[in-house]
**Q** 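One structure coming up, written as structure tokens, with questions to follow.
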Amino acid sequence: MSINEEIKRRFVRLSKGQRKVAQFVMNNPSVVIGNGAAEVGRQANVSESTVIRFCYAMDLSGYVELQDEIRSYLMTQNDEVSFQPTYSTSKGNASNFSKIMQRDIQNIQDTIHLISDNMLRKSSKWMHEADNVYILGTRQAASIANWLSSTLKTLRPNVKQLRSESDDIVQQINSMGEHTTLIVFSWDKHSNDIQTIVEIAKKKKAKIIAITSSALSSVREYASALFTLGMKKQSSLDVIPVLFSFLHALIEEMVSQDKTQYEKYQQSYELLENNLLFLDAAREKQVF
């Protein structure tokens with residue numbers, strides 16, 4: 001039985017406040033997935049404790065399990081709708097690469113329904129308004145953090161990639177404050193380094209955007225915004241196209257805050273890069 005069916009079945013036995021939560025959950029599933037219990041309570045006009053009591057009334061272990069149930073329900077709904085490709089191809093002679101690319105498109109389509117528009121806009125605004133943007137990812141997520149850092153550096157100043165092995169990591173963490181935005185990639189649930197850094201950043205009132213593969217990630221309790229992109233049925237390779245598509249959307253939303261400003265900065269950055277390349281080439285000529 002789906003979470004929606006279960007809510008409807010138990011609706012008459014819920015308290016008045018819990019019914020408000022039930023109605024909100026059924027009407028706004030993406031909001032529940034992308035926000036904590038306190039924010040859902042605020043939007044549903046009830047207390048956070050009422051949201052938690054609703055979870056218990058549904059025989060769930062807590063709010064995280066409610067999010068997982070809703071996510072599974074939405075995935076089931078999406079699976080029932082056949083995706084129509086934008087080009088025609090015969091199933092019999094479809095090449096392997098086209099099947100893989102169509103699967104990537106489907107995974108991206110599925111993920112769209114799980115992302116809160118409001119939370120994405122908030123996150124992009126934090127990135128736009130921040131004095132400093134820090135990006136953190138370890139192990140397999142380090143290359144993704146590096147890509148995002150390199151991309152943002154072409155659009156705005158004061159973008160830094162945090163590296164736990166770096167000599168100035170302590171100095172970078174200490175420089176964080178309420179005008180700092182920290183973007184965290186948490187794919188390794190055993191990474192204590194990430195949790196320690198995120199915990200300190202939270203104490204310093206930094207805005208923390210956590211991008212994870214599981215709603216049970218250890219950084220979720222410190223996150224100002226949590227985006228769960230991985231699904232149980234997906235391999236890590238399946239998640240990569242979804243992740244880059246999401247990051248592209250996040251960057252474009254940030255740029256839309258002031259397109260002219262970002263275009264000017266990008267032009268000046270490219271001009272500086274070209275000048276540096278010219279100077280390097282001139283030095284090489286002098287050496288030889």
Side-chain angles (χ1 to χ4, degrees), residues 29-35 64-65 67-83 85-86 96-117 119-120 123-124 127 135-152 161-164 182-195 197-198 208-254:
S30 63
V31 175
V32 178
I33 291 172
N35 293 275
V64 172
E65 188 176 357
Q67 290 177 308
D68 285 342
E69 287 292 329
I70 293 171
R71 187 175 290 105
S72 297
Y73 169 70
L74 290 177
M75 288 297 296
T76 302
Q77 293 297 103
N78 291 335
D79 286 343
E80 290 174 359
V81 180
S82 61
F83 176 73
T86 55
N96 190 50
F97 92 87
S98 66
K99 290 177 184 176
I100 293 169
M101 292 182 75
Q102 286 183 57
R103 188 175 72 217
D104 289 343
I105 294 169
Q106 182 64 63
N107 287 336
I108 292 170
Q109 289 280 348
D110 290 344
T111 304
I112 289 171
H113 300 284
L114 307 180
I115 294 173
S116 164
D117 288 346
M119 192 56 69
L120 183 69
S123 299
S124 65
M127 292 165 62
I135 301 164
L136 175 62
T138 60
R139 301 189 187 184
Q140 65 184 112
S143 58
I144 299 166
N146 183 58
W147 177 86
L148 181 60
S149 174
S150 300
T151 302
L152 287 180
Q161 183 178 355
L162 288 176
R163 302 178 190 275
S164 55
L182 171 62
I183 303 173
V184 182
F185 295 95
S186 180
W187 252 254
D188 183 0
K189 59 186 177 183
H190 302 296
S191 179
N192 295 324
D193 289 343
I194 283 186
Q195 187 168 341
I197 293 170
V198 171
I208 301 168
I209 302 170
I211 302 168
T212 76
S213 60
S214 170
L216 298 173
S217 170
S218 59
V219 303
R220 70 180 308 278
E221 62 182 290
Y222 307 107
S224 310
L226 179 71
F227 297 99
T228 304
L229 303 184
M231 307 298 168
K232 290 179 181 177
K233 68 176 185 178
Q234 292 176 338
S235 69
S236 57
L237 281 176
D238 285 329
V239 175
I240 295 299
V242 176
L243 175 58
F244 277 101
S245 180
F246 170 77
L247 292 177
H248 183 196
L250 188 63
I251 292 169
E252 287 292 338
E253 189 68 31
M254 179 193 77

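The analysis underlying the following values was restricted to heavy atoms, covering all of them including side chains, and did not include hydrogens, waters or symmetry mates.
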**Q** Taking atom CD1 of Ile183 and atom CE of Met127, what is their separation to the nearest 0.5 Å?
**A** 4.0 Å

**Q** Rounded to the nearest 0.5 Å, what separates atom CG in Leu136 from atom CD1 in Ile209?
**A** 13.0 Å

**Q** Is any side-chain heavy atom of Glu221 closer than 4.5 Å to a side-chain heavy atom of Val198?
**A** no

**Q** Got a second to check how far Gln195's CD is from Ser186's OG, nearest 0.5 Å?
**A** 8.5 Å

**Q** Where is the tightest heavy-atom contact between Val32 and Ile70, given as atom of each residue plus distance?
**A** CG1-CD1, 3.5 Å

**Q** Please enumerate all residues that pass side-chain hydrogen bond (donor to acceptor under 3.5 Å, both in side chains) together with Glu69, with sequence neighbours excluded.
**A** none

**Q** Would you call Leu243 and Phe185 a side-chain contact if the rule is heavy atoms closer than 4.5 Å?
**A** yes

**Q** Work out which heavy atom in Leu120 is nearest to a heavy atom in Glu253; give both atom names and the distance.
**A** O-CG, 4.4 Å

**Q** How many angstroms lie between atom CD1 of Ile135 and atom CH2 of Trp147, to the nearest 0.5 angstrom?
**A** 9.5 Å

**Q** Is Gln67 reaching over with its side chain to a backbone N or O of Ile33, donor-acceptor style, under 3.5 angstrom?
**A** yes

**Q** Please report the interatomic distance CG(Leu247) to CD1(Ile211), rounded to the nearest 0.5 Å.
**A** 5.0 Å

**Q** Please find the pair of heavy atoms, one from Ser30 and one from Ser116, that lie closest to each other, and give the distance.
**A** O-CB, 3.7 Å

**Q** Which heavy-atom pair separates Ile144 from Phe244 by the least distance, and what is that distance?
**A** CG1-CZ, 4.5 Å

**Q** For the residue pair Ala225 and Ser123, what are the closest heavy atoms and their distance?
**A** CB-OG, 3.4 Å

**Q** Rounded to the nearest 0.5 Å, how far does CG of Leu229 lie from OG1 of Thr212?
**A** 7.0 Å

**Q** Please find the pair of heavy atoms, one from Met119 and one from Ser224, that lie closest to each other, and give the distance.
**A** SD-O, 4.0 Å

**Q** Fit a plane to each ring of Phe246 and Phe227, take the angle between them on a 0 to 90° scale, and name the class: parallel (under 30°), tilted (30 to 60°) or perpendicular (over 60°).
**A** tilted

**Q** Just so I know, are the side chains of Leu182 and Leu162 near enough to count as touching, which here means a heavy-atom distance under 4.5 Å?
**A** yes

